[in-house]
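Below: the structure, in structure tokens.
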2 protein chains.
Amino acid sequence: MAKAPDELYRARFLVEQLKISDKYLRRLMTDLSKAGFIRSIQGRDGGYVFAKSIANIHLSEIVDAVEGMDKYLGCVLGFEECSDDNPCVMHSAWLPMREKLLETFSNKTLADLDFEHVNKY
Amino acid sequence: MAKAPDELYRARFLVEQLKISDKYLRRLMTDLSKAGFIRSIQGRDGGYVFAKSIANIHLSEIVDAVEGMDKYLGCVLGFEECSDDNPCVMHSAWLPMREKLLETFSNKTLADLDFEHVNKY
DNA sequence: CTAAAATAATACCCTCAAGTAGTATTTGAA
DNA sequence: TTCAAATACTACTTGAGGGTATTATTTTAG
Ligand code: SF4
Ligand code: SF4
């Protein structure tokens with residue numbers, strides 16, 4: 001969609017392109033629309049359109065909308081309880097990574113992705 | 001083990017400490033010993049000892065030994081085929097992360113981890 | 001010789017997240 | 001008022017990874 005961000009896309013079409021199940025797509029799209037990235041138009045001749053400029057859609061926001069960004073900020077070692085005063089052995093070593101990850105996903109927007117030389121989704 | 005790297009540790013003991021299954025522990029330990037990090041001593045009064053200084057054991061090597069480092073260098077999006085000339089949309093955005101990850105795991109050694117203020121494993 | 005240790009190989013189980021499927025409802029242009 | 005679209009909710013399937021279990025073998029101090 002980001003290739004031609006002003007078009008209207010109907011679910012049917014997207015499902016064919018992405019080769020995923022109808023219901024699954026709709027679930028995701030609904031999530032995204034609730035998050036305000038796209039606008040969903042119901043009724044006949046409905047579909048999905050971007051609701052804001054793709055330059056204003058940060059990757060972290062998308063992740064948050066569909067699965068929760070927190071997941072990726074958790075521990076490498078998979079511990080539940082985690083704080084600076086109850087650290088695991090990796091704590092200090094891992095911190096810079098977390099920073100970098102957060103930074104990457106927070107700074108990059110949809111517009112930063114390279115949709116031109118790409119033939120897989 | 002890295003807390004007192006010169007001791008001999010028997011499987012029985014480690015199993016109790018880590019609360020994981022006997023067989024599982026042994027599998028891991030055997031992997032590690034094959035990789036040359038620890039030496040396994042068979043027979044009665046046997047056990048496991050470090051075979052090299054913990055300052056010479058890089059995290060990436062450990063991961064390689066037990067599950068394969070490559071796993072973590074793959075794509076964010078989970079595509080199989082991936083190369084610079086068949087990139088996915090995230091390719092350029094993701095590269096720095098991969099670098100950082102590789103760097104972290106390659107540079108840090110067991111000795112860099114903080115075993116002092118830690119009470120969970 | 002024997003007991004206590006590690007090794008080996010293989011099959012099994014369990015859980016969880018990703019994805020599918022079913023079915024009924026609402027919306028709105030023509 | 002009809003029809004094609006999106007929504008909502010719930011149940012199901014599936015696959016992979018992390019971990020267990022079994023059983024049999026080998027090693028070595030005492
Ligand atoms: S203390 Fe740090 S490294 Fe350890 S589990 Fe928590 S966040 Fe992860
Ligand atoms: S092209 Fe880059 S971002 Fe895309 S799947 Fe391959 S490694 Fe990952």
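Note on naming: letters A, B, ... go to the chains in the order of the sequence lines (proteins, then strands), and numbering restarts at 1 for each one.
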Fill in: Closest non-hydrogen atom pair, Cys88(B) against Leu77(B)
SG-CD1, 3.6 Å

Worksheet, complete the sentence: Contacted region of DNA chain C by chain A, from 5' end to 3' end of the hits, cut-off under 4.0 Å to heavy atoms, spans dA18(C) to dA30(C)

Worksheet entry | Shortest non-hydrogen contact between Ser60(B) and Ser106(B), atoms and distance | OG-CA, 3.7 Å

Worksheet item: Is there side-chain contact between Tyr48(B) and Arg26(B), with at least one heavy-atom pair below 4.5 Å?
Response: yes

Worksheet item: Going 5' to 3' along nucleotides 15-21 of chain D, which nucleotides have protein heavy atoms under 4.0 Å from the base (write B), which only from the sugar-phosphate (write S), and which from neither (write -)?
Response: ---SBBB

Practice prompt. Report yes if some heavy atom in the side chain of Thr104(A) is under 4.5 Å from a heavy atom in the side chain of Lys108(A); otherwise report no.
Written response: yes

Worksheet entry | Where Ser40(B) and Ser33(B) come nearest, the two heavy atoms and their spacing | OG-OG, 4.1 Å

Worksheet item: Where along residues 57-65 of chain B does a heavy atom fall under 4.0 Å from DNA chain C?
Response: none

Worksheet item: Do Val63(B) and Glu67(B) touch side chain to side chain, with heavy atoms closer than 4.5 Å?
Response: yes

Worksheet item: So do the side chains of Phe105(A) and His58(A) get within less than 4.5 Å of each other, counting heavy atoms only?
Response: no

Fill in: Strand contacts (DNA chain C) in residues 28-39 of chain A, 4.0 angstrom heavy-atom criterion
none

Worksheet entry | Close side-chain approach of Lys100(A) to Pro96(B), heavy-atom, < 4.5 Å | yes

Item to complete: Compare every heavy atom of Ala2(B) with every heavy atom of Ile54(B), then report the nearest pair and how far apart it is.
Response: CD1-O, 4.1 Å

Item to complete: Tell me, yes or no, whether the heavy-atom count around Lys3(B) atom NZ, taken from other residues, nucleotides or ligands under 6.0 Å, exceeds 12.
Response: yes

Worksheet, complete the sentence: side chain to side chain contact (heavy atoms under 4.5 Å, CB included) test vs Phe50(A) passes for just one of Glu7(A), Arg39(A), Met1(A), namely Met1(A)

Fill in: Rounded (10°) bend between the five-pair end axes of the helix from dC1(C)-dG30(D) to dA30(C)-dT1(D)
10°

Discussion item. With heavy-atom distances below 4.5 Å as the criterion, would you say the side chains of Leu113(B) and Leu110(B) are in contact?
Written reply: yes

Discussion item. If you define the side chain from C-beta out and look only at heavy atoms, does anything of Asp22(B) sit under 4.5 Å from Arg12(B)?
Written reply: no

Practice prompt. Report the residues that fulfil side-chain hydrogen bond (donor to acceptor under 3.5 Å, both in side chains) with Asp114(B), sequence neighbours left out, ordered by chain and then residue number.
Written response: His117(B)

Worksheet entry | Rounded distance (Å) that lies between atom C1' of dT2(D) and atom CZ of Arg44(A) | 9 Å

Worksheet item: Distance check: side-chain N/O of Arg26(A) vs OP1/OP2 of dA6(D), anything under 4.0 Å?
Response: yes

Practice prompt. Could you state the atom-to-atom distance from CD1 of Ile41(B) to C1' of dG30(D) in whole Å?
Written response: 17 Å

Worksheet item: Whole Å only: how far is the CG atom of Asp45(B) from the P atom of dT26(D)?
Response: 21 Å

Worksheet entry | Distance, rounded to the nearest Å, where Leu8(B) contributes CG and dT28(D) contributes P | 14 Å

Discussion item. Less than 4.5 Å apart, side chain to side chain, heavy atoms only: is that true for Thr109(B) and Ile57(B)?
Written reply: no

